[in-house]
There are 2 protein chains.
Amino acid sequence: MDFYKSEPKTLLAVDCIIFGFDGESLQILLIKRGLEPERNKWSLMGGFVQADESPEEAASHVLFKLTGLENVYMEQCGVFGNPNREKYGRVVSLTYFALIDTKQYTHIITDEYEAKWFPVNKHPTLIFDHLDMITVAKRALRTKAALYPILFELLPEKFTIPQISALYEAVYDTELDKRNFNRKLLSSDLLIKLNEKDKEHSKKGAFYYKLNMDLYKEKIMSFLRYLPSWSIEG
Amino acid sequence: MDFYKSEPKTLLAVDCIIFGFDGESLQILLIKRGLEPERNKWSLMGGFVQADESPEEAASHVLFKLTGLENVYMEQCGVFGNPNREKYGRVVSLTYFALIDTKQYTHIITDEYEAKWFPVNKHPTLIFDHLDMITVAKRALRTKAALYPILFELLPEKFTIPQISALYEAVYDTELDKRNFNRKLLSSDLLIKLNEKDKEHSKKGAFYYKLNMDLYKEKIMSFLRYLPSWSIEG
DNA sequence: CCAAAAGTGTTAATCCTACACCCATGT
DNA sequence: ACATGGGTGTAGGATTAACACTTTTGG
């Protein structure tokens, strides 16, 4: 039964690119390591895949350990496995991006590290190839969000249209025409207007909306039919 | 320096979903294993990641070993790592889809297995979770091809418009209106018409085209700007 | 001469884009 | 009363979708 015994084994890690949105800008959650190696340096939150868990589970555990959150939207988005990418031995790392509402995140579960939100384009130097990981994750987020409405995962249960708009502007680093954007948003039937306003961010107040969950789940899951659109430019 | 010595190591494999197009239907290249374990059963082509190579390199090596082809379009598209997915020990497998022109593939390099093209929806039972891998790869191919013109990787250097059309029909399992499709294709400026016809597949003959390589490379690389399109349905 | 596949144009509907003003409120 | 941000409508242009006939040529 030992067919594979001559094959090399490797350490397998997962690293999480945790995106959050605070209502204004897109952020990532980084940790300052309290343990060796690379103590006191900033990095992504990660961990090793254990013998009794799949990589997805490992990523969920990592996220739980840092945030206390479960059932978070996560997606595998990269593989980093250059033989020399870490100095302490060969580690192949799988990256996952996670989308969380920053308001949900209240405290760190362990004290092996400090954690802090940073604007996605303005964060301290990171260890190893973690910067590349973020770059790849940002790209994956944009690609996915172009086809599926996953960015709602970053918003609280009740949110306002100006918030969604700011979120899309942050993710795509662009400015949107609010009239066009609002129209498109509403015409998607994804939003249900509530009889309540957010008066915190403006005097007039913006109506809260919640997701049409049934439709949302359909659209999240939904599968491409046909769209040869070469029209996208760089 | 042995910070990680208490962490578990695992076998890391790569499995390749090799898509090919023969001018009519979308195919995948499968092998009938000549060696244990699972001898004489059909499976994807795969191999273990070696100590001196990255997973991408391992995937390229696997592909080379099977087809003799290098510089093939490949993309990582899945991670399969349930602790019990293989009976012979724990193996985490990274999947890559590859796109090749079946005409380029002439012979197998080793004799450890038999290899054969199968229609993508009509192939023998596969070992382990290889069927899931194909499902995921098909989805990834559709998603990617919806945004980038990667399907040209499946075509020979000279190809006809009816061929591209058939390819898109195969990938998206749909029928296309050739007038609309042709117009869109031509308006992309990706194609350069040649003064030569393929008379093999029809009496009238279809003009050959080749890719406008400069533009193609731009578009392949190009990065999403902004397209919140929730309009895609399942 | 006929079967089989290639190639081509027009119209109506839809969607996208650009653009500017009024509204509600807290200070 | 005014500053701040929320909310709305329209018109022109571009893109898409639906539609059928002619061309070429090998057999």
Who pairs with Lys41(A) by salt bridge (charged side-chain N to carboxylate O under 4.0 Å, His left out), at least two apart in sequence or on another chain? Glu38(A)

List the residues meeting side-chain contact (heavy atoms from CB on, under 4.5 Å) with Asn182(A), not counting sequence neighbours, and say none if there are none. Ile161(A), Lys178(A), Leu186(A)

Tell me, please, which residues at least two apart from Asn180(B) pass side-chain hydrogen bond (donor to acceptor under 3.5 Å, both in side chains). Arg183(B)

Interface polar pairs with nucleotides 23-27 of chain C, N/O, under 3.5 angstrom:
unit_1, atom_1, unit_2, atom_2, d
dC23(C), O2, Lys204(A), NZ, 3.2
dT25(C), O3', Lys203(A), O, 3.4

For nucleotides 8-15 of chain C, just jot down a letter per nucleotide in 5' to 3' order: B, S or -, based on protein non-hydrogen atoms under 4.0 Å. BBB-----

How many Å lie between CD1 on Ile164(A) and C1' on dG7(D), as a whole number? 14 Å

Could you list the residues that satisfy salt bridge (charged side-chain N to carboxylate O under 4.0 Å, His left out) with Asp177(A), not counting sequence neighbours? Arg179(A)

So salt bridge (Lys or Arg N to Asp or Glu O under 4.0 Å) across residues 199-211 of chain B, not counting sequence neighbours, yields none

Any pair counted as salt bridge (Lys or Arg N to Asp or Glu O under 4.0 Å), so long as it reaches residues 15-28 of chain A, sequence neighbours left out: none

dT24(D) P sits how many Å from Asp198(B) CG, rounded? 18 Å

Check residues 127-136 of chain B and write down every donor-acceptor pair under 3.5 Å in which the side-chain atom is one partner and the other belongs to a residue at least two apart or another chain.
unit_1, atom_1, unit_2, atom_2, d
Asp129(B), OD1, Arg85(B), NE, 3.3
Asp129(B), OD1, Arg85(B), NH2, 2.9
Asp129(B), OD2, Arg85(B), NE, 2.7
His130(B), ND1, Leu44(B), N, 3.0
Thr135(B), OG1, Leu131(B), O, 3.1

For Leu185(A) and dC16(C), give me the distance from atom CG to atom P, rounded to whole Å. 13 Å

